[in-house]
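In what follows, a structure is listed as structure tokens, so that the remarks can point back to it.
One is the number of the first residue; the rest follow in order along the sequence. Keep in mind the model is a prediction, meaning the values are calculated, not measured.
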Amino acid sequence: MLILKGDQKLSTDNIMHLIGKINALIYARVSTTDQANKGFSIESQIERCKNRAISKFGYKESEIIALIEPGGMGDDPNRPALNHALYLLEKGLGKKFIVLHPDRLTRDNTLQGVVSRRIWGMGVDIEFIEFEVNPHDPESMLMYNIQGSIAQYNKAKIHANSKRGRFAKAKKGEFPSFKRLYGYKFNTVTDLPEYNEEEKEILIEMKDMLLNKKMSSNEIAKELSRRGVAAPNGKTWYQATVSRMLQNEDYTGDFYYGKSKVVQINGKKKQVPTNQDEWILIKIPPMWDKATREQIIERLKSNFKGRSRATKDYLLKNKAKCGRCGGACGSGITSKTKSGVYKYYSCRAKTAKGYQNGKKVVTCEGKNWRVDIVDDIFWNWFMKVMKNPEDFLESFLEETSDQKKIDELKARVSQLEKQLNELDEEIANYVILFGKGKIKESMFDQLSQPLEQNKDHIENEIKIINSQLAANKQTEDKKQKLLKYISSFSKMIKNEITIEEKRHFLDFFIEKVTLFDDDHMEVVWKSKTLNNENSHVDFLNGEQGGEFSNSHKRLNRIQAYGRQTA
Ligand SMILES: [Zn+2]
């Protein structure tokens with residue numbers, strides 16, 4: 001039995017190889033809320049479905065493919081394993097689709113209807129181990145729909161209970177949950193947060209250091225680490241941590257619940273901020289009053305003045321990476337020289353001010369890169385590449401407009417169509433024999449059935465090849481679009497364009513630019529935009545030779561930097 005887990009998919013080659021050899025697909029899924037229920041484990045789902053396939057339909061284990069939905073998909077309708085199962089059925093793999101229970105398929109009644117009808121429409125039977133459904137029996141279909149509605153209702157109820165319950169609690173001023181907040185502990189008996197006296201003392205002292213001792217957040221971080229005070233997260237006290245803690249609104253006693261929420265994006269859970277009108281205010285014991293917080297913010301602001309500030313005027317924003325550690329590079333550091341003020345790309349791991357035991361923690365050491373030089377050289381190189389889009393896309397074009405491959409596929413289609421005609425003729429002959437009474441119906445069935453099956457397989461193969469040809473057409477169209485885009489870009493850059501416009505174009509083509517200590521940079525293209533998955537053009541390690549493949553990998557070496565800054 002072939003088992004496909006999560007995102008695993010069969011390639012077209014594999015599918016073509018398996019056509020005619022697969023009788024059943026098994027689909028298994030566990031959602032997070034089911035995990036406790038042992039009857040729902042993936043293993044037991046597959047085991048029971050497999051046993052049914054063997055005992056009821058007489059299939060062999062080798063004729064079964066099991067597809068397992070990746071975890072954490074919730075009830076997202078866009079499920080990779082289910083989608084792939086439908087795709088395989090469409091390609092002719094499997095006559096039965098076996099699932100433990102309708103709620104494994106989906107808990108959404110509409111989706112249940114859509115998916116089931118699609119499967120039945122392909123002439124495939126759905127077999128549930130714990131439910132019986134017959135699409136031709138209205139009563140059975142009614143039961144099936146009721147089951148879907150109940151599943152949907154149950155799902156909605158669980159969801160509402162938890163979410164609504166939490167909000168109702170918060171509205172009453174109670175804590176549905178209390179994330180760790182430095183300075184507090186949560187009393188599980190009273191369900192209320194209380195001061196953590198030790199941490200409270202530290203906080204108050206931090207405030208005094210800033211407001212009364214006129215220390216900067218950097219000096220505070222250093223001092224706390226020198227004294228061996230435990231940092232909120234781990235060993236290191238960062239300047240940014242101190243600054244963020246001091247400004248935290250929670251410490252005025254106004255604690256807001258629901259500032260962020262978890263949403264599913266493409267099946268993955270992600271925490272996103274919410275609108276302010278969704279926040280619920282809960283009062284907690286304050287560390288200091290609102291006026292004090294205002295003072296803190298004022299002081300931090302004035303400390304910040306006169307220091308180098310992050311600039312927005314740099315080309316490789318969010319693209320520049322540190323060649324030493326791979327971390328992101330920002331542009332904040334400036335240095336004044338006789339010839340002017342220079343900005344530098346600098347590794348964030350290097351600029352973060354963190355302290356342990358009073359000593360600065362350095363995780364990335366080395367040079368900074370002058371923004372004006374890097375941007376200039378990079379942009380010139382980029383324009384040069386863009387002015388010859390044909391060169392730039394050459395290997396890509398070769399790959400995708402592979403006429404030979406297309407011709408081969410087309411030849412295969414016409415060959416298959418010929419086979420189909422021959423089969424039709426053969427079947428027609430038996431029809432004539434049957435019509436003349438020369439063979440009985442049972443004989444006719446016996447003779448024509450394998451031919452019909454053969455026809456099915458050939459038709460499937462034609463479908464697959466046609467979809468390959470269609471995909472090729474898409475790539476061709478995409479290539480044309482890309483060429484057009486680049487050429488209009490080339491025209492445009494003859495005129496002056498703003499740095500935002502430049503970045504917009506870079507965004508389209510460039511994934512990242514890594515800056516190295518020996519003054520060269522390496523560029524990674526967003527090759528996904530340029531290539532489809534079957535025609536990966538090796539822009540990075542291209543052996544094509546020529547100036548292009550060299551120049552993109554290793555840009556002009558950037559020499560003569562300004563002095564190194566600390
Ligand atoms: Zn670094």
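Among residues two or more places apart in sequence or in another chain, the ring pair (Phe, Tyr, Trp, His ring centres under 6.0 Å) test is passed with Tyr182 by none.
Paired with Asp254 under the rule salt bridge (charged side-chain N to carboxylate O under 4.0 Å, His left out), one option of Lys259, Arg293, Lys283 passes, and it is Lys283. A side-chain contact (heavy atoms from CB on, under 4.5 Å) with His84 holds for exactly one of Lys9, Gln8, Glu69; it is Lys9.
Side chain of Thr514 to backbone of Met521: no donor-acceptor contact under 3.5 angstrom is found. Between the side chain of Arg104 and the backbone N or O of Ala28 there is no donor-acceptor pair closer than 3.5 Å. A donor-acceptor distance shorter than 3.5 angstrom exists from the side chain of Trp369 to the backbone of Phe516, with no hydrogens or angles considered. With hydrogens and angles disregarded, a donor-acceptor distance shorter than 3.5 Å links the side chain of Asn248 to the backbone of Asp250.
Within a 6.0 Å sphere centred on CG of Asp289, heavy atoms belonging to other residues, nucleotides or ligands number more than 12. Counting heavy atoms of neighbouring residues, nucleotides and ligands inside a 6.0 Å radius, atom NZ of Lys360 exceeds 12 of them. For Glu197, the CD atom sits in a packed shell: over 12 heavy atoms of surrounding residues, nucleotides or ligands are nearer than 6.0 Å. Open room surrounds NZ on Lys512; 12 or fewer heavy atoms of other groups in view lie less than 6.0 Å from it.
Aromatic ring pairs are classed by plane angle as parallel below 30°, tilted from 30° to 60° and perpendicular above 60°; the pair Tyr184 and Tyr251 is parallel.
Of all the heavy atoms in Val229 and Trp237, the pair that sits closest is O-NE1, 2.8 Å.
Between Glu223 and Arg227 there is a salt bridge, since a side-chain N of the basic residue sits under 4.0 Å from a carboxylate O of the acidic one. Ionic pairing of Lys222 and Glu219 is not present here: no N-O contact between side-chain nitrogen and carboxylate oxygen is shorter than 4.0 angstrom.
Gln356 and Ser225 share no side-chain donor-acceptor pair at under 3.5 Å.
Under the 4.5 Å side-chain criterion, counting only non-hydrogen atoms from C-beta, Asn303 is not in contact with Ser217.
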